[in-house]
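All chains are named by letter (A, B, ...) in the order of the sequence lines, taking the proteins before the strands, and each is independently numbered beginning at 1.
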Amino acid sequence: MTNGPLLVIEDLVMSFGGLTALMNIQLRVARGTIKAVIGPNGAGKTTLFNIITGVLSPTEGHIHFTGRAISGLKAHQIAALGISRTFQTVELFTNMTVLENVMVGRHLRINSSFFGCGLALPHIRRQERRLRAQAMEILDFIGLADKSRLLAENLPLGERKILEIGRALATDPLLLCLDEPAAGLNETETEAAARLIQAIKEQGITVLLVEHDMKVIMNISDEITVLNYGEKIAEGTPVHIQNHPQVIEAYLGDGTII
Amino acid sequence: MLQIRKAPIAAGMLFILIFPWAADRIPGIDHYPDVMIFAGIYCLITIGLSLLMGYAGQISLGHAAFYGIGAYVSGILTTRYGFDPWLCMPIGALAAAAVAVAVGAPSLRLRGHYLAMATLAFGVIVNIFFREQRQWTGGPDGMTGIPGLSLFSFEFDSILSYYYLVWGIVAAAFFFTIALIQSPVGRALRAIHTSEPAAAAMGIPIARYKIFVFAFSAMLASLAGSLYAHYMNFINPGTFDLFFSIKLVIMMALGGMHSIWGALVGAVLVAFLSLEWLHFFEQFEILIYGAILLLVTIFLPEGLAGLPAKLLERARRPS
């Protein structure tokens, strides 16, 4: 491993037909930091996430992760390299239990041979017990251990978002991409989410964050990048961003007040 | 947590074991073990379909083709090349799997109705192949003289011995599949069914899983076809036509797509309906299937397998 940035995005362009969603984006995420990407609705934040995680292929540009080119790889290949994510619209496995959701998150780290599983070979059974224990540890960490047997769809939104983070953590990521972890949460839930994100950083996991809640952003991010209409208009520390005239204009123009 | 309960399995096994003995003692149904052989053959197909449709969420309207591939591989290799029937089963299964991978790789990218149409077209094409390739398949007349199965000097030529052979294989497929469902593979399949983006983000190679399950279900269908051919000693293309693919879907819908129990219940019921109880209606049979499919989808979307839970819920909330 080098000491360079974990994620480097260079000259990234994404267009859908005639619409350019991202224009010439440069982005670096340093190891062990929390980096936030903010911007008004439609600024291209989720598109950026979808490109980093392999859901979309960029029109132009390069993405390097731990020094390796990853643009054009499929989503599951990128997950295997150590990038995990949550979704803005919460994509849990609703018909599975809380515990099972986290167990699916371990998929990359386990043996899932078709015939080994079908024949219930001893090593698969041992693995299943180990897997359960590991998943419980993660549930302990995110504070959902007592709900392990509930179906994911029966959790309130706040806990669903937390569970999604736990499921992503189960992949043992180097980089965790969180798409609006506080959206739709009340104040208490938002605080819990922010504390969790900081605890994740303390474990040495780098976090890339898209968020609208300015209080969360300003409190926990090390560096912020601001997008507007697909372009990067500012970058820097929270204090720097808060006083950046273009940022204020972009948000006031949108009717939102920081 | 998805847990397959042990008590129903034990009850089911006991039922299968003593069924021929019991049927023999009840007047009027002493020929039911013969019907149960076909039911077992159908079960083999629906177990695979349950994994494909119920767990992985992919629709197939072409599984009669894989059933036919197994039957014709067994028929052709034994009658024309003198192959041992036991050897034909794995060969047929591998052939079906190869065809499934070739067909599945492009068509599993499709979803919903498009996938249904692609598999339906595939089934029709294979059936035309069975009908037209006379020098291989005997054309519309089919092929005769397919040998029965024997092990060392034991011949599986009685209904009873074939019954236990078929249901033994069904049990093996059943236990394999329930182990699979409760393993990381089963969770991955259910994950794909609920959210493909999230499954991919967890590192699950979606395309590979879909193709694997498609191929596995094709292998089971092919095995069923081989068992059919060696039991009947005669096959013709009509057995493996579009109507049979649709019958398979009726079995799945009637029993319940989302449960392996549903696959078994549906297969057994449709076997008895088509071979016994609806015989009387002759050409109106298809109308009755239509009505069953309609009623089940409206009143029992979870199929018969969902009935116990539904009744239990109703009993708890009397109003």
Side-chain angles (χ1 to χ4, degrees), chain A residues 50 53-55 74-87 89-121 124-125 127-128 131-132 148-149 151-153 164 167-168 170-173 177, chain B residues 1-4 47-48 51-52 54-57 93 97 101 109 172-217 219-220 257-260 302 306:
Chain A
N50 283 340
T53 54
V55 176
K74 293 206 177 77
H76 71 266
Q77 294 168 321
I78 286 178
L81 292 176
I83 300 182
S84 196
R85 72 172 295 180
T86 64
F87 295 83
T89 47
V90 189
E91 294 275 344
L92 283 174
F93 306 125
T94 44
N95 57 354
M96 291 191 212
T97 64
V98 168
L99 185 71
E100 282 179 306
N101 267 275
V102 179
M103 287 167 84
V104 174
R106 294 297 297 165
H107 190 85
L108 282 163
R109 311 290 162 209
I110 57 168
N111 175 334
S112 52
S113 77
F114 204 75
F115 286 94
C117 289
L119 298 173
L121 297 179
I124 297 283
R125 286 199 241 183
Q127 172 181 275
E128 194 74 5
L131 198 56
R132 213 165 282 224
S148 65
R149 297 166 79 87
L151 282 183
E153 64 186 348
E164 221 191 4
R167 186 183 65 182
T171 65
D172 284 344
C177 301
Chain B
M1 184 71 49
L2 188 88
Q3 274 282 330
I4 310 278
I47 286 172
L51 208 54
L52 180 72
Y55 289 90
V101 170
R109 289 172 199 280
F174 176 79
F175 284 116
F176 186 92
T177 305
I178 58 173
L180 207 57
I181 290 169
Q182 297 176 91
S183 77
V185 174
R187 278 194 299 271
L189 291 174
R190 285 155 67 212
I192 292 170
H193 195 172
T194 336
S195 168
E196 289 196 9
M202 296 304 113
I204 296 168
I206 294 175
R208 199 182 312 159
Y209 266 89
K210 285 185 184 172
I211 291 172
F212 235 100
V213 173
F214 194 57
F216 179 66
S217 68
M219 286 172 86
L220 283 180
M257 299 255 180
H258 301 292
S259 149
I260 184 130
E302 301 284 307

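- The CG atom of Asn95(A) sits 9.0 Å away from the NE2 atom of His258(B) when rounded to the nearest 0.5 Å.
- Between Pro184(B) and Gln127(A) there is a side-chain heavy-atom pair separated by less than 4.5 Å.
- Looking at every heavy atom in both residues, Phe93(A) comes nearest to Ser195(B) through CE2-O, 3.8 Å.
- Rounded to the nearest 0.5 Å, atoms CD (Glu100(A)) and CZ (Arg187(B)) are 6.5 Å apart.
- Distance check, rounded to the nearest 0.5 Å: OG1 of Thr194(B) to CE of Met96(A) gives 5.0 Å.
- Looking at Phe114(A), both its backbone and its side chain come within 4.5 Å of chain B, counting heavy atoms on both sides.
- The minimum heavy-atom distance linking His76(A) with Gly203(B) is given by the pair CB-C, 3.6 Å.
- Proximity to chain A is limited to the backbone of Phe175(B), based on heavy atoms less than 4.5 angstrom apart.
- Interface remark: Asn111(A) contributes backbone atoms only to the contact with chain B (heavy atom separation under 4.5 Å).
- Taking every heavy atom of both residues into account, Gly118(A) and Leu180(B) meet most closely at N-CD1, 3.5 Å.
- Annotation: maximal heavy-atom pairing with chain B below 4.5 Å, among Cys117(A), Gly54(A), Ala170(A), occurs at Cys117(A).
- Of the residues considered (Ala199(B), Ala172(B), Ala198(B), Pro197(B)), Ala198(B) shows the highest number of contacts with chain A, using heavy-atom pairs under 4.5 Å.
- At a 4.5 Å heavy-atom cutoff, Val55(A) makes no contact with chain B through either its backbone or its side chain.
- Taking CZ from Arg85(A) and CE from Met202(B), the interatomic distance works out to 9.0 Å, rounded to the nearest 0.5 Å.
- Residue Thr53(A): no heavy atom, backbone or side chain, is found under 4.5 Å from chain B.
- The choice from Ile124(A), Ile83(A), Val98(A), Leu119(A) that makes the most heavy-atom pairs within less than 4.5 Å of chain B is Leu119(A).
- When every heavy atom of Ala79(A) is checked against every heavy atom of Ala200(B), the shortest pair comes out as CB-O, 3.9 Å.
- For chain B, the nearby parts of Leu108(A) are the backbone and the side chain; heavy atoms of each come within less than 4.5 Å.
- For Glu164(A), no part lies under 4.5 angstrom from a heavy atom of chain B.
- Chain B forms more heavy-atom pairs under 4.5 Å with one residue of Arg106(A), Arg167(A), Lys74(A), Gln77(A) than with any other, namely Arg167(A).
- Across all their heavy atoms, Ser113(A) and Val185(B) have their closest contact at O-CG2, 4.3 Å.
- The aromatic ring centres of Tyr209(B) and His107(A) sit less than 6.0 Å apart.
- For chain B, the nearby part of Leu131(A) is the side chain; its heavy atoms alone come within less than 4.5 Å.
- Within the 4.5 angstrom heavy-atom criterion, no atom of Arg125(A) approaches chain B.
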